[in-house]
Structures are given as structure tokens and as C-alpha cells.
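No experiment lies behind these values; they were computed from the predicted model shown.
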Amino acid sequence: MSTTADPLAALGALPGVPEAVDSVRKAVDRVYGHRVMRRRSNEITAEAALRGARGSAALSGADWALEEVRRRTDFSIDEESRTVGAALRLTAEAGQLLSIWRQSPLRVLARLHLVAAGGAGVSDELVGRPRLAGEPVDEPLVELPLPGADEVAGRLEGLSELIIAGGSAPALVTAAVVHGELMALRPFGSHNGLVARTAERIVLIGSGLDPKSVCAAEVGHGELGRAAYVAALDGYASGTPEGMAAWITHCGRAVELGARESTAVCEALQRGAA
């Protein structure tokens, strides 16, 4: 990451990133300009939350059909159902944490992990705090090198300082860096992917890019698929300008697909089909 006074803004100037930022803004504007959004935005928000949770759970190994997620009421039966339940809880929690995020991102991350892991068979001693030296990480679908606990603590503090300081970086860039950094660090013993994707959502909402939370990036990440997600994460973890740009543009594409999904929901509601 750049060492300039505003490193996130510097990332926003990488080749291909300004175009991704512009494309995301146009996609978001399209869905917000839909006539159904003016009358039924709460319904679109609720549907985006459900679909976003489904997409995030799929990337964590629980790839359920949307109607199964909609129908199910018991999310404690097995590991997959607990993963889906955690994704749903996190989506519901995200909007409640915006004001705290701006002041204390690390507190929000701890809360997100508590929400995700609580009741999911994780030891209470490991819930709601970054891992300590020697503690294992259960994140089988991500095989990036695992930083030590000291490095995790230092980089989390640095990330927190960047968020609190603010800056001129586009919302997409900040959201992508928060997401990528959490996946590279995997600061918790479990549920890091679900937490990272929820943190990305919080940034997109709180920045004003997607204030009604209808452009769920998790939908797009799920649609783009696990292989593309992992490959893009490898680019972020490499720290090269090309890798960072590829990750940010990947996240931009995910937001665009989330916006497209909600536009389709608007169209269905307009036709009376949903």
C-alpha cells in the first residue's frame, strides 16, 4: 500500500480504478433512479439483504438456493445452516453499526464476529476478539499465507486509523481495502469472510454511495464465483499495484452486479411479479 499521506486516495488513481469507480456510480444511480425505489425502497432493501446474505454464505461454503434461505427458519442444524444463519444475522446488524464504525472500527469488527460466531459452536473464549499467537484459524476456503498475531494487531490498528481519519478516496476503494485487508489478515479464529464482506457493506452504506443498502456487493461476489474471488484476493495480498487494482475492480464489478440484481427486483415489483 502507498505510503503517501492519503494512501487510499493513491490507490484510487491506479490504472483501471477510476473507470471502475465511475462504472459503479452509474450502476448505483440507475437503481436509485428507478421509479419503484421511490415508493418501495424498504422492500428492495430487505430483498437485497436476503440475497446478499445468501451470496456471502455461498462464498463461505454454504451455497444454498435463494428460496431455501427464504424458507428456512432453523439455522442450527449443521455447519452449512449455521453459516447461512450467521450471514443473515450480520446483514441485519450492519445498518445498526454505522455511527460506531466511523469512530471505532475495531469495536465494530469485534461486534460483527460476536454476531457471526455466537451460537455457532465456537468457544466463547475465541469470540469477539482478534486471535492470539498460536491460535488456529478456521477459514478453509482461503489459502493465503496467515500473518502472525502481532502483524495482525499492527495492521488492524493501521486500518482503523485510516478509516477514522477519512480522506478523499472513493467509497469503492475504501470498501475494497477494508474487505481485502480483513481477508488477508483473517484476524479472528473463524467467520472472517462473513465479517469482511459485512464490513465492506458498512463502508458502502456509510459513505453515502449506497445509503439504502440496495447494491449488495455480496450478491456480486457470489455470482462472480469463489475461484475469481480467491484469485482477486491473491492480487490484493501481493501488494503490487496491478494486484491491488485487480482486487478493487473485482469489488467494483461485485457492486455493479448487486445493483443489477436490485434493478431486476424493482422491475419484477413493477410488473407485479414479486
Side-chain angles (χ1 to χ4, degrees), residues 42-101 104-131 137-142 175 178-179 182-183 185-206 210-222 226 229 254 258 261-262:
N42 288 343
E43 293 174 67
I44 308 303
T45 296
E47 187 65 19
L50 184 72
R51 295 179 184 219
R54 193 217 73 81
S56 189
L59 288 176
S60 288
D63 192 0
W64 288 13
L66 179 63
E67 290 310 312
E68 177 68 8
V69 178
R70 198 190 306 278
R71 178 191 68 81
R72 186 73 70 91
T73 57
D74 185 352
F75 294 98
S76 61
I77 297 173
D78 53 30
E79 185 175 350
E80 282 198 7
S81 62
R82 286 191 292 270
T83 296
V84 175
L88 289 167
R89 292 194 301 273
L90 285 171
T91 300
E93 188 80 5
Q96 311 302 315
L97 298 171
L98 294 175
S99 61
I100 304 172
W101 175 261
S104 182
L106 300 186
R107 181 180 164 196
V108 169
L109 293 175
R111 171 63 184 171
L112 291 176
H113 188 251
L114 178 64
V115 169
V122 179
S123 168
D124 289 346
E125 296 179 357
L126 304 177
V127 171
R129 63 159 177 82
R131 56 188 168 85
V137 174
D138 181 16
E139 205 75 40
L141 302 180
V142 177
V178 167
H179 183 169
L182 292 174
M183 289 305 293
L185 296 178
R186 279 146 293 158
F188 302 107
S190 64
H191 298 84
N192 289 286
L194 295 177
V195 168
R197 291 185 286 276
T198 306
E200 179 184 40
R201 173 186 283 263
I202 289 173
V203 173
L204 295 171
I205 299 169
D210 182 22
K212 295 184 183 294
S213 192
V214 297
C215 303
E218 305 98 315
V219 169
H221 286 304
R226 192 179 303 157
Y229 182 74
E261 185 95 348
S262 285

Side chains of L112 and I202: does their closest heavy-atom pair fall under 4.5 Å? yes

Of all heavy-atom pairs between L59 and G222, which one has the smallest distance, and what is that distance? CD1-N, 4.1 Å

List the atom of A53, the atom of T91, and the distance in Å for their closest heavy-atom pair. CB-OG1, 3.6 Å

If I take atom CG from residue L114 and atom CG from residue L109, how far apart are they, to the nearest 0.5 angstrom? 12.5 Å

Say you draw a straight line from CZ of R72 to CH2 of W64; how long is it, rounded to the nearest 0.5 Å? 3.5 Å

Testing the basics here: between A117 and V127, what is the closest heavy-atom pair and its distance to 0.1 Å? CB-CG2, 3.9 Å

State, with a plain yes or no, whether a side-chain heavy atom of K212 is found less than 4.5 Å away from one of I44. no

Restricting to non-hydrogen atoms, name the atom on R89 and the atom on G118 that form the minimum distance, rounded to 0.1 Å. NH2-O, 3.7 Å

Short question: side chain of R131, backbone of R186 - any donor-acceptor pair under 3.5 Å? yes

Enter the distance from H221:NE2 to R226:CZ here, rounded to the nearest 0.5 Å. 14.5 Å

Verify, without hydrogens or angle tests, whether E139 (side chain) and N192 (backbone) share a donor-acceptor contact under 3.5 angstrom. yes

Nearest 0.5 angstrom please: R82 CZ to S60 OG, how far? 14.0 Å

Indicate yes or no: does R54 engage E67 in a salt bridge with an N to O separation below 4.0 Å. no

Rounded distance (nearest 0.5 Å) linking atom OG1 of T83 with atom CG of L194: 6.5 Å

Please work out whether the ring planes of H113 and F188 are parallel, tilted or perpendicular, with thresholds of 30° and 60°. parallel

Is E68 atom CD crowded by more than 12 heavy atoms from other residues, nucleotides or ligands, each under 6.0 Å away? yes

Quick check: closest heavy atoms across L90 and A116, and the distance to 0.1 Å? CD1-CB, 3.8 Å

Where is the tightest heavy-atom contact between A216 and R201, given as atom of each residue plus distance? CB-NH2, 3.3 Å

Can you name the one residue among L98, V214, L97 that meets side chain to side chain contact (heavy atoms under 4.5 Å, CB included) with I205? L98

Euclidean distance, T198 OG1 relative to H179 NE2, rounded to 0.5 Å: 9.5 Å

Inspect the surroundings of CZ in R107 and state if more than 12 heavy atoms from other residues, nucleotides or ligands are less than 6.0 Å away. no

Determine whether V69 and L50 make a side-chain contact, defined as any pair of heavy atoms from C-beta on separated by less than 4.5 Å. yes

In plain terms, say whether R51 and E47 are close enough for a salt bridge, that is, a side-chain N and a carboxylate O under 4.0 Å apart. yes

Distance-only side-chain donor-acceptor flag, S81 / D78, under 3.5 Å: yes

